[in-house]
Structure formats: structure tokens, C-alpha cells
> 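Structure below; questions to follow.
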Protein chains: 4
Amino acid sequence: MPGNSFGQIFRVTTFGESHNVAVGVIIDGVPAGLELSESDVQKELNRRRPGVSEIVSPRAELDKVEILSGVFNGKTTGTPITMIVRNIAFEDEPYEIIKDLPRPGHADLTYWLKYGHVDYRGGGRASGRETVARVAAGAIAKKILKKFGIDILGHVIEVAGIGIDPEKVTFDAIRNADKNPIRCADSNVAEKMVQKIKRAKEEGDSVGGIVEVIALNCPAGLGDPVFDKLDADIAKALMSIGAVKGVEIGAGFRLAKMRGSEANDQFAIDPKTGKIITTTNNAGGILGGISNGMPIIARLVVKPTSSIALPQTTINLKTMKEAKIEVKGKHDPSICPRVVPVAEAMLALVLVDHMMRAGYVHLTKFEESSSLK
Amino acid sequence: MPGNSFGQIFRVTTFGESHNVAVGVIIDGVPAGLELSESDVQKELNRRRPGVSEIVSPRAELDKVEILSGVFNGKTTGTPITMIVRNIAFEDEPYEIIKDLPRPGHADLTYWLKYGHVDYRGGGRASGRETVARVAAGAIAKKILKKFGIDILGHVIEVAGIGIDPEKVTFDAIRNADKNPIRCADSNVAEKMVQKIKRAKEEGDSVGGIVEVIALNCPAGLGDPVFDKLDADIAKALMSIGAVKGVEIGAGFRLAKMRGSEANDQFAIDPKTGKIITTTNNAGGILGGISNGMPIIARLVVKPTSSIALPQTTINLKTMKEAKIEVKGKHDPSICPRVVPVAEAMLALVLVDHMMRAGYVHLTKFEESSSLK
Amino acid sequence: MPGNSFGQIFRVTTFGESHNVAVGVIIDGVPAGLELSESDVQKELNRRRPGVSEIVSPRAELDKVEILSGVFNGKTTGTPITMIVRNIAFEDEPYEIIKDLPRPGHADLTYWLKYGHVDYRGGGRASGRETVARVAAGAIAKKILKKFGIDILGHVIEVAGIGIDPEKVTFDAIRNADKNPIRCADSNVAEKMVQKIKRAKEEGDSVGGIVEVIALNCPAGLGDPVFDKLDADIAKALMSIGAVKGVEIGAGFRLAKMRGSEANDQFAIDPKTGKIITTTNNAGGILGGISNGMPIIARLVVKPTSSIALPQTTINLKTMKEAKIEVKGKHDPSICPRVVPVAEAMLALVLVDHMMRAGYVHLTKFEESSSLK
Amino acid sequence: MPGNSFGQIFRVTTFGESHNVAVGVIIDGVPAGLELSESDVQKELNRRRPGVSEIVSPRAELDKVEILSGVFNGKTTGTPITMIVRNIAFEDEPYEIIKDLPRPGHADLTYWLKYGHVDYRGGGRASGRETVARVAAGAIAKKILKKFGIDILGHVIEVAGIGIDPEKVTFDAIRNADKNPIRCADSNVAEKMVQKIKRAKEEGDSVGGIVEVIALNCPAGLGDPVFDKLDADIAKALMSIGAVKGVEIGAGFRLAKMRGSEANDQFAIDPKTGKIITTTNNAGGILGGISNGMPIIARLVVKPTSSIALPQTTINLKTMKEAKIEVKGKHDPSICPRVVPVAEAMLALVLVDHMMRAGYVHLTKFEESSSLK
């Protein structure tokens with residue numbers, strides 16, 4: 001309960017601080033018999049790693065995963081899977097200097113108020129580095145979803161005021177968004193976004209944006225009324241990501257201006273499958289908190305990176321006097337592209353947990369027949 | 001775990017279907033010694049009751065609460081508090097006719113797909129009537145918060161495209177929002193909202209809107225990293241309300257267009273209290289998932305009421321053929337004003353739970369000294 | 001979490017005090033489509049009711065169950081099932097007189113220390129009356145188990161120093177134990193037990209005993225390592241019954257005096273089913289915390305009823321001086337026979353919860369095919 | 001929920017298999033500001049390590065603990081504490097040979113039935129090696145309890161039929177039990193126990209026994225009615241230890257033969273403290289599931305070590321034919337002395353969790369004032 005765990009049956013617990021020995025994760029609830037290797041996880045970690053383009057942090061974090069338990073002869077055993085990533089090489093960042101100066105926008109102040117004794121180095125537990133553990137867990141979740149044909153997509157739909165209309169991009173374009181550094185499904189818009197991010201960076205500033213994540217081919221029936229609605233759990237999952245301050249499902253905040261006759265997705269029969277579909281998807285694939293078989297669509301707003309080079313006003317915790325602070329270091333001017341794999345991971349965690357609740361996956365063995373339901 | 005419970009230490013479980021015997025709630029986790037009477041709860045239930053104005057449903061629901069356990073000689077005893085509200089008088093609604101016709105926008109289809117056997121009368125468990133139980137629980141949560149000087153406010157900031165700027169209304173104006181039927185803090189705007197709602201109603205349609213809820217005087221330090229961040233729990237709480245499809249904290253989705261230098265709330269010392277405050281509140285009172293002592297601000301988008309008189313397209317579940325449906329009955333053309341007390345209740349539930357996690361309230365007795373911390 | 005709930009997926013929450021409005025239970029986690037009527041539950045409640053023989057309390061408790069939610073047209077709907085039993089007719093018990101005199105052996109003192117404000121009437125929440133709720137929930141659990149051919153048996157194997165050898169009675173004899181008032185599988189021994197209980201009663205005293213509960217035809221594979229072992233969960237379930245101070249599985253405490261060569265159950269093939277069995281059952285059907293397909297056997301020690309007519313020494317909570325107390329009222333001289341249905345209920349709750357964890361039953365619909373696994 | 005976690009607020013999750021990379025534990029819920037070093041933990045691990053006397057396994061397990069997270073500058077930070085112990089040097093044990101031959105008394109068969117794919121080496125997850133993680137967590141729990149003056153004691157009261165009367169040994173004698181290899185509080189009896197164990201070992205056999213654990217100076221008021229009674233949680237905690245098949249509290253199974261007048265502990269005033277005490281302690285410090293301030297006393301039966309050299313009968317899982325098996329390797333002829341620190345750890349985990357529930361310790365900072373309550 002203390003806050004570092006997520007999920008009820010597929011239960012993920014993360015640990016570790018930015019500049020301590022390691023960050024890592026235990027996943028309790030993976031059934032036995034799923035093929036799993038460190039490379040399955042590493043490829044997702046590589047997607048969130050910094051230093052891969054000029055618009056993200058140039059910090060060199062190798063982020064090499066090590067599996068400590070739960071896997072034997074290349075397959076899961078049904079016991080907890082523990083993965084760690086050792087922290088390395090951060091001597092260049094002079095965190096000591098600012099340890100009494102809480103950075104605006106960061107958790108420094110609130111951790112200090114709550115805990116008194118804090119590992120302040122690089123944000124400690126509140127560092128974005130904690131998402132390494134989420135992405136590692138998400139890699140396993142995605143692998144399970146894949147067995148059922150479920151795909152998780154993610155892309156950046158707005159940065160620094162430049163956006164695309166997410167309803168106008170194809171799922172294939174989204175799948176290719178990883179090819180540009182900002183992870184936008186439209187490569188022309190991506191180029192403009194990058195320019196705008198660079199300008200902000202040059203000015204010592206940062207920018208916000210919006211990320212969209214999608215789950216394709218989810219079965220109907222996921223989500224538990226009334227508090228553990230699928231959209232409620234997705235909202236919590238996405239809002240728990242450090243820089244996120246808003247989440248919407250389907251048409252989201254646009255629904256405020258709609259009428260019921262426009263907002264209600266009408267039912268129809270899919271001529272190919274004979275199943276009930278909706279002709280629009282304002283509900284984002286979720287009706288009454290339960291998936292209806294349509295694509296599940298969620299969007300999250302990512303605030304501008306809190307670490308900026310421009311001078312800001314803070315309070316010295318020792319003297320309780322106002323002070324100025326300039327946050328040095330290798331920071332992302334926009335965290336959006338690196339939030340994409342994290343948001344995908346969180347969506348995957350929610351879905352596997354609800355797949356287990358609904359009986360698609362059990363706390364025993366992963367049977368091939370599972371995928372035929 | 002199955003979905004009908006909320007909160008970890010202050011644990012609320014709701015039950016009941018719209019047209020079955022009763023709806024109700026158990027609250028496990030209320031400390032002993034808190035004065036509590038049915039009238040404390042009744043006054044909150046009266047705020048969500050239909051039939052109180054011409055823009056909400058004219059259904060006559062008395063919603064009289066009965067406390068079955070956990071209270072002795074006018075005080076709580078530390079044992080579970082169970083409250084029920086009997087359901088009465090609904091013979092006029094011909095639900096049988098449409099039981100094979102899932103209503104667009106409603107949970108009818110997904111419940112049918114998930115459960116097979118469903119109490120379809122009036123939406124059954126998925127009915128807005130379930131929120132009676134939430135409001136009853138919220139009444140007790142508010143009472144506990146009050147002991148610590150914490151106030152929960154709620155108001156409608158947008159309906160049918162007509163809105164106010166929530167940053168421009170005072171907390172006092174919000175406290176008075178209950179005085180008009182749409183619960184808007186600006187009575188002039190309220191009048192326009194009502195006109196627009198009436199028009200939609202006459203046309204057999206419904207409208208969406210946005211509700212804002214606020215907690216004043218919350219202590220700093222509430223919220224548990226990393227998954228049980230205060231904003232993550234608030235997001236789940238609010239998104240679990242039936243018609244809600246989006247939640248934002250503080251500046252929310254506006255952060256997408258901001259730069260870090262604008263978005264980061266700068267620190268200052270409050271000259272009156274000597275405590276650290278922020279000069280803006282884009283973070284909505286929550287930094288790194290932990291409250292910072294500033295007002296906690298959340299907004300939720302409420303979709304247009306799904307029940308509309310206009311003809312819609314559905315599928316007959318028996319024949320699997322397309323069919324038309326017109327949803328008769330006494331429905332709210334806008335559910336926004338009635339969502340206000342529900343959203344307030346959910347915010348209160350989250351806060352009390354986190355007050356207990358942080359040690360302000362214990363699973364023993366409620367001591368007067370508790371409020372002095 | 002606050003203590004009034006049991007089970008993870010099949011989640012039971014009980015409420016109510018002995019002399020308040022009602023006692024009751026919510027069960028969240030029953031799948032949809034299970035036939036259920038109040039009479040299914042009533043017949044189990046009748047088994048624990050007092051006043052049915054001269055060796056149990058002559059109090060007249062009708063214990064009529066009412067189902068408030070979760071059932072529609074005679075079947076469960078997958079939503080929470082709430083059942084209540086109204087409390088009636090207790091004006092003859094002068095609890096006021098002793099409200100400052102904690103009764104030895106009872107929870108009066110510890111509730112007072114923990115909660116300060118206590119509903120002391122008849123033990124309040126700590127009354128054995130709370131087990132009405134457990135038995136009601138157990139009735140549903142048993143019904144689910146029955147679908148899989150799993151039988152729950154219970155009987156008294158020792159009272160007041162008179163016992164039977166549980167390894168020497170047949171399952172059929174145990175099934176017939178309900179026919180005598182002490183619920184002993186050997187009717188001759190039962191008669192001696194009754195005589196001994198009567199003598200204790202005449203002397204104003206009470207006696208202890210041992211109850212055994214058994215689950216037949218459980219599938220192998222129930223129980224989750226390492227903390228939620230099946231025997232660990234059974235131990236908690238049974239120890240949570242008011243008067244129980246010890247639990248053992250299989251050969252239990254006799255294992256202290258055995259050698260490994262005697263204690264280890266040897267494996268063999270059942271010629272009828274071709275499945276692996278053990279030739280003895282010292283493990284009580286559970287190896288490494290997981291069921292092995294053999295009968296699950298647990299025993300619990302029931303302390304002598306704490307309420308006795310003989311004078312005892314207590315402390316007056318107001319004066320903090322020693323005082324004498326004689327506990328009047330209609331009390332069971334031995335609670336053992338009435339513990340039998342309660343212990344059966346608790347075993348059933350544990351098993352259904354683990355059936356759900358292992359994927360035999362889902363949080364969706366109860367399919368007929370479920371029973372064929 | 002999947003079974004590898006224990007505790008609600010003080011939440012422990014263990015991981016790792018006997019012959020995989022490492023065993024370890026995350027503790028989520030330790031408040032910030034508690035001094036903690038690896039040596040605090042190491043000294044408890046050394047107490048359970050094998051190879052320290054001739055009556056326990058001669059395996060050389062160094063069991064060196066490494067803290068990966070949650071500690072900064074020698075103090076806890078309120079974030080999850082992760083500790084691992086690498087597994088080393090086990091090439092001499094030919095587990096491959098017996099991988100299709102489930103060992104009687106072990107979890108081999110049930111894991112195979114439940115999971116299909118199992119890490120069978122040395123028992124894998126079901127190995128006693130998992131208790132390394134419990135003891136490491138327990139070391140931190142004990143440290144917290146010590147701040148409140150609470151002491152955890154443990155000793156062996158019976159082995160191979162030779163026992164002591166636990167009511168006749170002093171707490172000081174128990175504190176010295178660690179000085180002899182069997183951890184018996186009476187060194188003369190200890191010598192006899194050792195002789196009997198040696199004889200069993202020479203005969204290729206093993207012996208069972210009984211361990212007692214005690215908590216001194218616990219405050220009254222710990223334990224939550226009705227399912228999370230303190231004794232219910234202790235029963236689960238102790239029964240979850242691999243070889244344990246029975247648990248009793250206070251007078252335990254002896255209560256079956258008592259009368260109420262003997263069993264009920266009478267109340268009195270402690271002349272030194274002015275607090276209410278009981279003149280006997282048949283309740284083992286727990287009344288109605290809540291601690292009453294008297295010593296908390298629990299006993300657990302430890303079955304004879306399942307691994308014995310004598311030939312046993314099993315089933316070859318490939319051929320489904322009967323086969324003989326002799327379990328080679330360096331096994332403990334009696335696991336009792338090594339269960340002592342594990343049982344102490346489990347008792348400590350339960351108590352800290354309930355201290356947090358009752359508000360003695362919070363999910364924030366560990367304040368010195370905490371110890372003054």
C-alpha cells in the first residue's frame with residue numbers, strides 16, 4: 001500500500017533512486033511458461049534512454065537490465081521477476097550545491113516536507129529515472145498482450161503549441177513515429193516541433209506537450225465497476241507519471257462542448273467479424289468503465305520540463321529566505337518523446353492486470369490456449 | 001479488489017442497483033469518537049437528489065439514509081459504518097421494452113458482454129444512482145476533513161459551451177454556487193447556461209460540461225510516491241464517476257502550450273504564516289505527487305447525458321440486427337450540477353485516505369488533538 | 001484494509017454490532033449467473049442459530065436474511081451481494097450495569113483501550129453474532145464450490161476433554177454429525193460430551209474443545225507461494241474466529257514428535273483416476289502451501305466460552321479498582337457446535353478466493369464450463 | 001496480491017530462487033530517518049545461516065546482504081528499501097538427476113502441477129533459502145520495534161520428543177538460547193536434544209519440533225477486528241514459513257481441556273505502572289484479536305525436515321510410474337534452530353504493520369517523539 005506498487009493481480013513494485021545503487025522492479029503475477037530474456041526488456045529500455053538525439057538529455061545512461069529472479073531456462077516460472085539497472089557515472093552533476101534550494105516545479109520541497117531526510121541527488125526517488133523500472137515491467141506486459149494480439153501504440157501529438165489531429169493519422173503512421181526524434185506520426189510536423197524545441201533549449205527554457213497512447217484489439221469486457229473502471233485505472237496509471245497533469249479518454253475534454261446526439265457512439269455490426277462495433281469512438285473504447293472492443297485511446301498532458309537554465313525564485317530551506325536558482329545539467333528541453341514508452345508501459349500494465357481479473361491470464365501457467373479465448 | 005471498493009485505509013465499498021432493494025455503502029476505517037448522525041449525511045444526499053429544479057431529472061427520489069452499524073450514542077465506534085438508501089417508486093419506467101437494445105453511450109452493452117446476466121432496470125449497477133453511496137460516504141469524509149479545517153468546494157465552470165474563467169472567481173463565490181440550479185459561481189453566466197440546457201432539452205438532446213473541485217487548507221505532505229501520487233489517486237477517483245472522460249490538475253491541459261519558465265510555480269514565503277507558498281498554482285497544489293499546502297484544484301469533463309429522446313441506432317442483442325431506440329424517461333439534460341457533490345465526495349475520500357496514510361488520522365480513536373497537528 | 005474484509009478476489013466485508021440495527025455482509029467478487037436465493041443462505045444461518053438445543057444459548061434469534069443487492073431474477077449479476085440480518089429482542093440483557101467492568105476473556109478491555117468509545121452492548125462488534133455474516137457469505141462460497149464438486153465438512157472432535165480420533169471416522173459419519181446437538185461424528189461420544197457440558201453449565205462454568213473442518217475434492221494447485229500459502233490463509237481465516245486460539249493442518253502438532261520418514265507422505269498412483277495421490281495425509285492436502293488434491297484438513301481449538309456465571313475478578317474502568325463480576329445472560333456453555341458452520345464458512349471463503357486466483361472462477365460470468373476444468 | 005508480499009502498510013515483498021542469481025526483498029513502508037546499515041541486517045542473517053554447527057546443514061552460504069535503495073547517508077529515506085543476497089557455489093548438488101522425481105514432503109509436485117515450468121534446482125522458490133529475505137526484512141522491523149522498547153524473543157521448546165515447559169523458563173534464559181546450537185533456553189535439555197538429532201541424522205532421518213516466539217512490551221491496542229485480528233495475522237505469518245503446520249497463541253491447544261473459570265485471565269492492576277494486567281496469560285497477550293499489553297506468545301510446530309537420506313517412494317513425472325528416491329545433499333536433520341530467527345522476523349513484521357495501522361509509525365518520517373507514545 002505505501003505507494004510504490006501498481007496493479008492488483010499483475011503487481012508491479014518499483015524501487016531505487018536516481019543516484020543510489022540501482023533502480024529496479026519486481027513483477028509479481030507473471031504466469032509460468034512465458035519466454036523471456038533480458039533482450040526483450042532491453043529493447044524497450046533503449047526506447048526511453050536519454051542521449052539518443054539532440055532534443056533529449058545528452059546524459060549517457062547505458063541502462064543495462066539484469067534479471068535476478070523468476071526466469072529459468074528462458075521462461076518465466078510464475079515466481080516474482082526482479083529486474084535491476086545499475087546507476088552509473090553521475091559525478092559531473094553538482095547536486096550538493098543546491099540541496100537546500102528546492103527547484104520550482106520539482107518534488108524537492110514536498111519530499112523535504114514529508115520525509116525530512118531525503119536523497120536529493122538528481123531528484124532521488126522522484127527522478128524521471130524511476131520510469132526505467134516502469135518501462136522494464138511494461139516490456140513484459142506488452143509481451144503478454146502480444147500473445148492475445150493486442151498492440152500498444154504511442155506518439156506525440158502536440159509539442160510547444162504545434163500539434164497534429166490525432167483522428168487524422170493512421171495506426172501505421174503511429175507505428176512509425178519512433179523514426180523521428182520527437183515521436184510524431186507526421187514527419188513534417190515532427191521537424192517543426194524539433195525546431196521549436198531547439199529554440200526553447202537555446203533560450204534556457206523548456207516546452208510542454210501531449211502524448212497519445214492506444215491499445216488495439218483489446219477484447220470487450222475489461223474493467224471492473226464501479227471504482228476500478230478501466231478508464232479510472234488508466235487515468236491513475238498515466239497521472240502517476242511524473243510530469244503528467246491531465247488525462248483524457250476518447251474525445252475527452254471536447255465532450256464538454258458536444259451534445260449527446262453527437263457524443264453517443266452509435267452501434268453497428270462489423271460486416272467482417274459480425275461483432276458489435278461503434279461507428280465513432282468518442283468513448284475511447286470504454287463504456288461504463290468496461291472495454292467495448294474498439295481501440296482504447298488515452299491522451300496525457302506533459303508539463304514543460306521543470307529543470308530549466310533560466311533563473312528562478314526559490315526559498316533556502318536553511319535560512320527560509322528567498323534565493324535564486326539556475327538548474328544546470330543535461331536536461332531534456334521536452335520530455336514528451338521519452339514519455340511515450342513510459343505511457344505505453346503504464347497502459348500495458350493496466351491492461352494485463354484487467355486481463356487477469358477477467359480470467360484471460362491466471363496466476364498459474366501461461367497456456368497457449370489462453371490466446372484463443 | 002473486485003472493483004466496488006475505494007481507498008486503502010479509509011475504505012469505502014458501495015453496493016446496490018438502481019431498481020433493486022437499496023443502494024448503500026460500508027465505510028471501514030472511520031476512527032471511533034466522531035459525532036455522526038443521519039442528518040449529517042442526509043444534507044449531502046439532498047444536494048445530489050434529482051427533482052429539485054427544472055434542469056435536472058424530475059424523478060422523485062427521497063433518498064432517505066439509514067445507518068445500520070458503526071454508530072452508538074451519536075458517535076462512531078471504529079467499526080464499519082453501513083448506510084443504506086431504499087429504492088422506491090419506479091414503476092413508470094418501461095425498461096423491459098428496451099432490455100435487448102443497448103442504449104448508445106450507456107454501459108448496457110459492455111455489462112451484457114462481460115456478465116451475461118444483467119440487472120438492466122434503469123442501468124442497474126451502472127446507474128448514476130450508485131453515486132448516492134459515494135455522496136453518503138463523502139459526507140463522513142468531509143466531516144473528518146472539517147476537523148482539520150479543510151474545506152471541499154465544487155462548481156460548474158462550463159456547460160454547453162458557456163463557461164467562466166475559474167481563475168477569476170473567488171472561493172466565496174464558489175461557496176455560493178449551490179444557490180443557482182446549475183451550480184455556477186457566476187449567477188449571470190448560470191442563467192445563460194440554464195437557457196442553453198433548456199433548449200437542448202426541448203430538442204430531445206443533452207449537453208456536456210466541466211466541473212471543478214477544490215480542497216482548501218490541506219496540509220503539505222499528502223500523497224505517496226510513486227504510483228499513489230495524490231494527483232494519480234484524484235484522477236482515478238474522479239474518472240470513476242460514470243460520465244467523466246477526462247481529469248486535469250492545476251493548469252492541466254493548458255500546460256501543453258506553456259514553457260517551463262511560465263509553468264513552474266515560483267516559491268515565496270507567506271508573510272502571514274511564515275510558510276513556503278507558491279506565487280502561482282499551475283501545479284494545482286501538488287508537486288511530485290505530494291501536496292504542497294496550496295489549494296488542490298482538479299477539473300473533470302462531464303459528457304452529455306447519454307439518455308436522449310432523439311432516435312439513435314443500436315443493435316438488437318437477440319437478433320443482432322440494427323434497430324432504432326428513443327430513450328424515454330425523466331433524464332437530466334445536463335448532469336453537471338448533480339456531479340458537483342459526487343466529485344466533491346470523491347475528492348474528500350481521497351484526502352481522508354491520504355490523511356490516514358500520513359498519520360493525521362488513525363484506525364483507533366479520533367482524538368481532539370488530531371486536529372492540532 | 002481496516003480489518004473487516006477477507007479475501008482478495010472473492011472479497012467479503014462484514015459489518016454490524018450485536019445490539020445495533022443489523023449485522024450483515026457484502027460479498028464483492030461473485031461472478032454473474034449463479035442461481036441464488038435467500039433460502040440458500042437461510043439454511044446455513046439456521047445451522048449456527050442459538051436456541052436449538054439445551055447445550056447452546058437459549059436466546060431466540062430468528063436470523064432472517066434479506067438480500068439487498070446483486071441478485072436479479074434469481075441469479076447473481078456480478079455486482080456486490082449485500083445481505084443483512086436485523087437484530088431483534090434483546091431488552092432482557094442488563095448490559096448497562098457492567099459497562100465499566102470488562103469481562104475476563106472478552107474483548108471489552110482491549111476495545112475500550114483501542115477505541116475509547118465502544119458499543120459495549122452484548123459485546124458489540126466483538127460479539128459472536130458477527131459470525132452470522134460469515135456464515136451468510138460462506139453459504140454462497142459453498143454453493144460455488146459445489147459447482148466444482150467440492151464438499152466442505154465440519155465436526156467437533158473434542159469437548160471438555162472427551163474426544164474422538166478424527167482419523168477413525170468416515171466422511172459419511174462426519175456428514176451426519178449435524179444430527180446430534182454437539183456435532184460429533186460418533187453419536188455415542190456425542191452423548192458423553194453433552195453430559196459433560198451440562199455438568200459444566202450447572203456449575204456456572206464452560207468448556208473448550210476442538211473442531212475439524214475438511215474440504216473434499218479440491219483440485220491440486222490452489223495456494224500462492226510464499227506468504228499466501230493455502231495453509232497460511234486457512235490459518236488466518238480460522239484464527240480470526242473469536243474463540244479460536246490455535247490452528248493446525250494435517251498431522252499438525254503431532255509432527256513435532258515424528259521423524260521425516262514417518263511424516264513425509266509417500267506418493268502413489270490412484271488406480272482409479274491415474275492421478276498422483278499420497279498414501280498418508282500428514283500434510284493435510286497441502287504441500288509447500290499448494291493443494292495436492294488430497295483432502296484438506298484443518299483443526300482449530302475453541303477456548304471455553306468466556307461468559308460464565310461464576311464470579312470473576314476485573315477492574316472497574318472508572319475507578320480503576322478491582323471488582324467482582326458474574327456474567328449473567330443466556331450463554332453457550334460450549335461454543336463448539338456453533339463454531340462448526342462458522343469454521344466451514346471460513347474454509348469455504350479461502351478456497352473460493354484461491355479458486356479465483358488460480359483461474360477456476362472469474363470476475364465475469366459463472367459459466368457452466370467452469371465446473372468442467 | 002499474487003502471494004509474495006506480506007503486510008498492509010509495512011509491506012514486504014520477497015523474491016528469488018535457491019539457485020538463481022539472488023534472493024532478496026523490498027520493504028515499502030519504512031519511514032524516513034531511521035538509521036540503517038548493512039551490518040544491522042547482516043547480524044540477523046548470520047543467525048539463520050547454515051554451516052554454523054554440526055546439527056545444521058554444512059552448506060557454505062555467506063549470505064552477504066547488499067542494500068540497493070532506500071538508504072542515504074546511513075538513514076532510511078521513506079522510499080522502498082531493496083536488499084539482495086547473491087546466491088553462490090552450489091555446483092555440487094546434482095539436482096538435474098531428480099528433476100522428474102518429486103521429493104515426498106516437498107513442494108516439488110505441487111509447483112509442477114500448478115506452474116508446469118519450474119525452477120526445480122534446490123527447491124527453487126520453495127527452498128528454505130527464501131527465508132533469507134524474511135530475516136533481512138525482519139531485521140529492519142526489529143529495529144523499529146526496539147525504538148518503542150519492544151523485544152522479540154525466540155527459542156526451541158521441543159525437538160524430537162524432548163521438550164521444556166515454556167512457562168518455566170525466564171525471558172533472560174530465552175535471550176541466552178542462542179548460545180547453544182539448538183537454541184533451547186535450558187542448556188541441559190539442549191544437550192539432550194542435540195544428541196537425539198545426531199542420532200536421527202546418522203540414521204538418515206530427520207526430526208520435528210516446536211518453536212516459541214514472544215514479543216515483550218507491546219502496547220495494548222494492536223490488531224484490527226474482525227478478520228485482521230492480531231492473532232489471525234500472526235497465525236498467517238508463522239504458517240507461511242515452509243515447514244510449519246500448526247500455530248497456537250497463549251495456552252493454545254491446551255484450552256480444549258480447560259474450563260472457562262481456568263482459561264479466563266483475571267484482571268488486576270500492576271502496582272508499578274498502575275496499568276491493567278492479567279494475572280495469568282492464557283490469552284497470549286491478545287483478547288478479541290487486540291493486544292492487551294501482556295507478553296504476546298505464539299508457538300509453531302516445525303515438521304521434520306523433508307529431505308532425508310532414507311529411500312522414499314515417489315512417482316516419475318515423465319513415466320508416471322512409482323520410483324525410489326534418496327535425497328542426497330547437505331540438509332539440516334532438524335530445521336528448528338534455524339526457524340527461530342525466521343519466526344522472530346515474521347512476528348516482528350506483523351507487529352510493525354499493526355503499529356503503523358494503530359498510528360505509532362507513519363508513512364512519512366520516523367520521529368523521535370514516535371517512541372514516547
Side-chain angles (χ1 to χ4, degrees), chain C residues 1-4 6 8 104-105 107 110 113-114 125-126 130 158 161 205-210 220-221 224-229 231-232 235-236 239-240 245-249 252-253 255-261 263-264 266-267 276 287-288 290 292 301 303-306 308 310 313-315, chain D residues 1 3-4 6 8 104-105 107 110 113-114 125-126 130 158 161 205-210 220-221 224-229 231-232 235-236 239-240 245-250 252-253 255-261 263-264 266-267 276 287-288 290 292 301 303-306 308 310 313-315:
Chain C
M1 191 209 75
N4 296 282
F6 188 83
Q8 299 291 321
T110 50
L113 289 170
K114 187 178 184 90
R125 181 72 181 141
E130 182 268 339
E158 181 178 327
D205 216 336
S206 64
V207 296
I210 299 177
D224 287 290
V226 297
F227 294 109
D228 296 351
K229 289 186 166 84
D231 34 7
K236 173 164 177 166
M239 196 74 99
S240 79
K245 298 297 272 188
V247 176
E248 61 178 18
I249 305 292
F253 276 88
L255 288 160
K257 293 185 167 52
M258 287 190 194
R259 282 192 164 192
S261 53
N264 286 348
Q266 307 294 299
F267 293 118
I276 299 171
L287 274 174
I290 301 173
N292 63 7
V301 61
K303 70 174 181 179
T305 314
S306 298
I308 56 173
L310 291 171
T313 308
T314 185
I315 300 297
Chain D
M1 192 209 75
N4 296 282
F6 188 82
Q8 298 292 321
T110 49
L113 289 170
K114 187 179 183 89
R125 181 72 180 141
E130 182 268 338
E158 181 178 329
D205 216 336
S206 63
V207 296
I210 299 177
D224 288 291
V226 297
F227 294 110
D228 295 351
K229 289 188 167 83
D231 36 6
K236 173 165 176 165
M239 195 75 99
S240 78
K245 298 296 271 188
V247 176
E248 61 178 17
I249 306 292
F253 276 88
L255 288 160
K257 294 184 167 51
M258 287 190 194
R259 282 193 164 192
S261 54
N264 285 347
Q266 306 296 298
F267 293 119
I276 300 171
L287 274 174
I290 301 174
N292 64 6
V301 60
K303 70 175 182 177
T305 315
S306 298
I308 56 173
L310 290 171
T313 308
T314 185
I315 300 296

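Everything numeric here is computed off the predicted structure, so don't read it as measured data. Below, chain A is the first sequence line, B the second, and so on; all start at residue 1.
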> Shorter than 4.5 Å, heavy atoms on both sides: which option in C:M1, C:K229, C:Q8 has the most such pairs with chain D?
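Most pairs with chain D among the choices: C:M1.
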> With a 4.5 angstrom heavy-atom cut-off, could you sort out which part of C:T313 is near chain D: side chain, backbone, both or neither?
both
> Got D:E248 and D:V301 here, is their nearest side-chain heavy-atom distance under 4.5 Å?
no
> Could you look at D:S261 and say if it's the side chain, the backbone, both or neither that has a heavy atom under 4.5 Å from chain C?
both
> Taking all atoms of both residues into account, what is the closest heavy-atom pair of C:F227 and C:A232, and its distance?
O-CB, 3.6 Å
> What part of D:D205 lies closer than 4.5 angstrom to a heavy atom of chain C: side chain, backbone, both or neither?
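When you check distances to chain C, only side chain atoms of D:D205 fall under 4.5 Å.
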> Let me know if C:P225 has heavy atoms under 4.5 Å from chain D in its side chain, its backbone, both or neither.
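For C:P225, backbone and side chain are both near chain D.
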> Find the one option among C:I315, C:V226, C:L255 whose heavy-atom pairs under 4.5 Å with chain D are most numerous.
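If we count pairs closer than 4.5 Å to chain D, C:V226 comes out on top.
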> Between C:G161 and D:K257, what is the shortest heavy-atom contact and its length?
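In this case the closest contact between C:G161 and D:K257 is CA-CG, 4.3 Å.
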> Out of C:L310, C:D224, C:N4, return the one with the most heavy atom pairs under 4.5 angstrom to chain D.
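Going by pairs under 4.5 Å, I would pick C:N4.
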> Specify which of C:G260, C:G105, C:A220, C:G221 makes the most heavy-atom pairs with chain D at under 4.5 Å.
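Heavy-atom pair counts peak at C:G260.
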> To the nearest 0.5 Å, what is the distance between NZ (C:K303) and CD1 (D:I249)?
12.0 Å
> What option among C:Q266, C:K114, C:R259 has the most heavy-atom pairs under 4.5 Å with chain D?
C:R259
> Using non-hydrogen atoms only, which part of D:A263 is less than 4.5 Å away from chain C: side chain, backbone, both, or neither?
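When you check distances to chain C, only side chain atoms of D:A263 fall under 4.5 Å.
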> Could you tell me which of D:A256, D:G288, D:A107, D:G208 has the largest number of non-hydrogen atom pairs under 4.5 Å with chain C?
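Looking at each of D:A256, D:G288, D:A107, D:G208 in turn, D:A256 comes out on top.
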> Among D:T314, D:N292, D:V247, which has the most heavy-atom pairs under 4.5 Å with chain C?
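The candidate making the most pairs under 4.5 Å is D:V247.
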> So for C:I308, is it side chain, backbone, both, or neither that comes closer than 4.5 Å to the heavy atoms of chain D?
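Side chain only.
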> Tell me which of these, D:I210, D:L113, D:I276, has more heavy-atom pairs under 4.5 Å with chain C than the rest.
D:I276
> I'd like to verify something: which residue of D:I290, D:V207, D:D231, D:T305 has the highest number of heavy-atom pairs under 4.5 Å with chain C?
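When all of D:I290, D:V207, D:D231, D:T305 are compared, D:I290 has the most.
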> Between atom NZ of D:K236 and atom CE of C:M239, what is the distance when rounded to the nearest 0.5 Å?
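The CE atom of C:M239 is 13.5 Å from NZ of D:K236, to the nearest 0.5 Å.
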